[in-house]
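For reference, the structure discussed in these notes is given below.
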Amino acid sequence: MATAQSDLQFGGIIRCLIQKDLLSEADAQKHVAEAKKKKITFISHIVSNKIIESKLIASVASIEYGVPFFNLDAIDTNSLPIDLVSEKLIRSHHSLPLLKRGNRLFVAVSDPTNFQALDEIKFHTRLNTETILVEEDKLSNIIETALEAADTSMSDLLDDDLENIDISGGDENPEDDGSDSDVDDAPIVRFVNKILLDSIKKGVSDIHLEPYEKTFRIRFRGDGILYEAASPPANIANRIISRIKVMSKMDIAERRVPQDGRIKMKLSKNRAIDFRVNTCPTLFGEKVVLRILDPTSAQIGIEKLGFEPDQQELFLKAIHRPYGMVLVTGPTGSGKTVSLYTGLNILNKIERNISTAEDPVEITVEGINQVNMNVKAGLTFAVALKAFLRQDPDIIMVGEIRDLETASISVKAAQTGHLVLSTLHTNDAPQTINRLMQMGIEPFNIVSAVSLIMAQRLGRRLCEHCKKESDLPDSVYLDAGFEQEELATLKVYTAVGCDQCNEGYKGRVGIYQVMPISEKMRALILKGGNAMELAELSKSEGINDLRASGLVKVRQGITSLEEINRITEE
C-alpha cells in the first residue's frame, strides 16, 4: 500500500530511492520542499546534505533504469565539447556534454529521469542525445571546472546581460560612454565585458591584450605571475581594442602614439571597480594593458598585509607621529600603494586634513583630498606639494619621489610639523638613504626628516589544500639562510597544484623590511655611511632584511623557499 501511495505522490528517482528503503516518504517530501526552496535539484540537495552518498544513488539508478554508469575521475575537462551547449542550459539542467560522436552527443546527468534536459540539449544542438549516469558531487565539480576553463571563450557569450553592465569612461560623463560607436557590435561588447568580469572574479591585477602577426593573446596577471586567459581570432583584435578605447574615452583614430584612459565598472550600488588603461603602438597593432584598481584592496586591514608583530608596531608608531617622513620602497607591483593607503585609512579621521598627490590616483577614498598629476597642464608633484603646504595640511602623501625638487619640498614639510608618506624605487631600505643623497638631499636633512623606511615585496601564498612538506638535504636549508640548530624541527613546504589554486599558490602576502632611523643610524648617515654599512648596522639592531623576513614566512608554512628565492633575487 505504501508503494502504491508513493507511486502516486513521487516519480522518477525519488520513487526508486523510497522503494529501495534508502529514504522514507516523509523525508522525501521534506527534502523535495527544501530543494525547491533553495532552487536546486533534489539529488543535489540530498547529496550536499549527506543524506545519501552520491555513489550509492548512481549505482541504484544505473541498475533500475539500465543507464550506463561512468566515473568522471577519468575525464579530461579540456576535451569536453563544452562549446556545443550554453552555460545557462548546463546550469539550469545540471547536465554536461561529455562526448560527440557523429550526430550523437553523450550527456552526463546524475538523474536519468531528467528527460527535459536531454530534450532541450537535443533541440539546441540538433544532435541525438544519449544519457550517461554519473555521481552528483563529481558532476557539480566538473561542471564548475569546465565552465571556468571555457569562461573567456568566444563561443560561450550567450548571456544578454553582458551587454547591459554599467560601464563608463572613468571620470568623464557616464551618460556619454560611446555606446553608439560603430565598433560596439554586440559580440565584441559581450566579449570585452566578460573579460573584465572574469578578471575581477579571478582577482587579477592586470590584463594584457597583445596583438601579433597571426595571433592575438589576452593574459591575466594573477598573484604576480602572467598566464594566458584567452586567445581570440587575430582578425578581431582591432575591434576588441577599439571597443576598450571607446570605453576609456580614448581617440580610436589615433594609433601612432600611446594613450591613457580609465574605465569604471559598477558592480552594485556600493561597489565599483576602476580600470586604468594604457595603449602602446607595437609592430602588429596596439598593445593594451588594464590595471585593475579595486578600492576595497586598501581596506583589508593592517593585520592581513603580512607584517610580523614587531614590524607592525614600528610602522604604526611611525605613522602616528605628528611629523616626519615614512618612505616605502620596492619595485612596481610590490604593494607599496596598498601599504600606504592602509596607513592612511587608519589616520583618516575627522580631525585630520589629509592630501595626496598621485600619478595617477589608483584608489579613491572618502575623506582624503586626492590630486591627480597632470604634467601637460603643469601640475607636477612639486607644484602639488607647494599647494598642499598652503592648505593647512596634517598629513601629505606623495605618490613617488622622483626628483630633487619633490624630495626637497617633502623633507621641508616633514621638518615643519607635517607627516609625509611617500615611495621610492630602491631594492631595500638602506639603499634608500643613498638614493636620497644621490638626488642631492644633505645628510643632516635626511636624519632630521626621515623616521622610518620600509622595503617590501609580495610573495605568493602556498595553497592550504595541496602544499606538501619538502624533503631537501640540510645543505640546501643552510645555504638558504636557516640555522643548524633549527633543522631538526624545521618544516618547509613546497607547491604542488590542485583545482583550487594556481600552480600550488593562492593569494599573496607581504614580505617587509621595516627599518626605523635610530640614533646610531643617524650618526652613521651624518658620517656618510654607505648602504652596506647601514645594512650591517640595521642587522645588528635586530632588523630583518627582506631575505630574513621571507624565511620567517617559510618557517610559518605561508610560502615556499622557491618563492622567497624568486622575489629576493638570491
Side-chain angles (χ1 to χ4, degrees), residues 223-225 301-317 328-331 334-335 339 426-431 452-498 500-516 518 520-521 531-570:
D223 294 338
I225 304 295
I302 193 168
E303 297 81 10
K304 295 183 180 179
L305 289 181
F307 285 115
E308 295 305 314
D310 58 328
Q311 294 176 333
Q312 181 175 315
E313 185 180 344
L314 289 171
F315 178 67
L316 289 173
K317 183 179 178 182
V328 182
T329 181
S334 59
S339 294
T426 57
N427 289 328
D428 61 17
Q431 289 183 31
L452 181 130
I453 303 173
M454 183 170 78
Q456 70 177 80
R457 300 288 188 276
L458 284 177
R460 291 179 292 170
R461 287 179 180 269
L462 284 168
C463 174
E464 291 296 331
H465 296 93
C466 67
K467 69 179 183 181
K468 70 172 186 179
E469 194 170 341
S470 296
D471 187 19
L472 297 171
D474 287 354
S475 59
V476 174
Y477 298 130
L478 292 172
D479 290 342
F482 293 104
E483 300 295 333
Q484 178 70 51
E485 54 268 23
E486 65 178 313
L487 295 184
T489 57
L490 182 65
K491 284 189 177 182
V492 175
Y493 294 88
T494 189
V496 177
C498 66
Q500 299 193 44
C501 65
N502 185 16
E503 298 180 351
Y505 297 96
K506 189 173 184 179
R508 289 196 285 178
V509 64
I511 311 294
Y512 299 94
Q513 177 186 24
V514 183
M515 188 181 84
S518 65
K520 287 184 179 180
M521 201 164 287
M532 289 183 64
E533 292 170 329
L534 289 167
E536 288 176 10
L537 176 58
S538 174
K539 187 176 180 180
S540 70
E541 292 181 339
I543 303 300
N544 278 344
D545 60 14
L546 288 166
R547 178 75 180 178
S549 292
L551 294 181
V552 172
K553 296 292 188 291
V554 174
R555 290 186 187 96
Q556 294 169 346
I558 294 172
T559 190
S560 67
L561 184 57
E562 295 86 353
E563 180 68 2
I564 294 304
N565 288 338
R566 182 182 73 84
I567 63 173
T568 58
E569 300 175 357
E570 288 188 20

Between [X] and [Y], what is the shortest heavy-atom contact and its length?
X	Y	result
Ala480	Leu551	O-CD1, 3.5 Å
Lys467	Gly557	NZ-O, 2.8 Å
Cys501	Gly497	SG-CA, 3.8 Å
Lys506	Gln500	CD-O, 3.2 Å

Between [atom1] on residue [X] and [atom2] on residue [Y], distance to nearest 0.5 Å:
X	Y	atom1	atom2	answer
Leu561	Arg555	CG	CZ	10.5 Å
Leu490	Asp474	CG	CG	9.0 Å
Asn502	Asp223	CG	CG	6.5 Å
Met521	Ile453	CE	CD1	8.0 Å
Tyr493	Cys466	OH	SG	13.0 Å

Chi angles and distances behind the side chain to side chain contact (heavy atoms under 4.5 Å, CB included) call for Asp545, Asp428: CA-CA 8 Å; Asp545 60 14; Asp428 61 17; over 6 Å; no
Set of side-chain hydrogen bond (donor to acceptor under 3.5 Å, both in side chains) partners for Glu485, sequence neighbours left out: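 Applying side-chain hydrogen bond (donor to acceptor under 3.5 Å, both in side chains) to Glu485 gives none.
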Ion pair Glu536/Lys539, N-O distance below 4.0 Å: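 No, no charged N to carboxylate O under 4.0 Å.
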salt_bridge(Glu563, Lys553) N-O dist < 4.0 Å: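 Salt bridge: no.
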Side chains of [X] and [Y]: closer than 4.5 Å at any heavy-atom pair?
X	Y	result
Thr559	Val554	yes
Met515	Pro430	yes
Pro331	Arg457	yes
Ile558	Glu464	no
Ile567	Ile511	yes
Pro516	Ile543	yes

Within 6.0 Å of CD in Glu313, more than 12 heavy atoms from elsewhere: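 Count not over threshold, so no.
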Neighbour count >12 (heavy atoms, 6.0 Å) for atom CD, Glu562: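 For Glu562, atom CD is crowded (more than 12 foreign heavy atoms under 6.0 Å).
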Side chain to side chain contact (heavy atoms under 4.5 Å, CB included) between Asn544 and Val514, worked out: CA-CA 8 Å; Asn544 278 344; Val514 183; over 6 Å; no
Expected output: side-chain Gln456 to main-chain Gly335 donor-acceptor under 3.5 Å: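 Judged by distance alone, yes, a pair lies under 3.5 Å.
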Sidechain-backbone polar pair: Lys520 side chain, Glu541 backbone, donor-acceptor under 3.5 Å: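 Judged by distance alone, no pair lies under 3.5 Å.
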Tyr505 and Ser560: side chain donor to acceptor below 3.5 Å: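 Tyr505 vs Ser560: donor-acceptor pair found between side chains.
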Any side-chain donor near an acceptor of the partner, Thr329 and Gln431, under 3.5 Å: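 There is no such pair between these side chains.
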Parallel, tilted or perpendicular: rings of Phe307 and Phe315 (30°, 60°):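 The arrangement is parallel - the two ring planes meet at less than 30°.
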Identified side chain to side chain donor-acceptor pair (under 3.5 Å) counterpart of Ser549 within the set Gln311, Gln513, Glu308: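 By the side chain to side chain donor-acceptor pair (under 3.5 Å) criterion, Ser549 pairs with just one of Gln311, Gln513, Glu308: Gln311.
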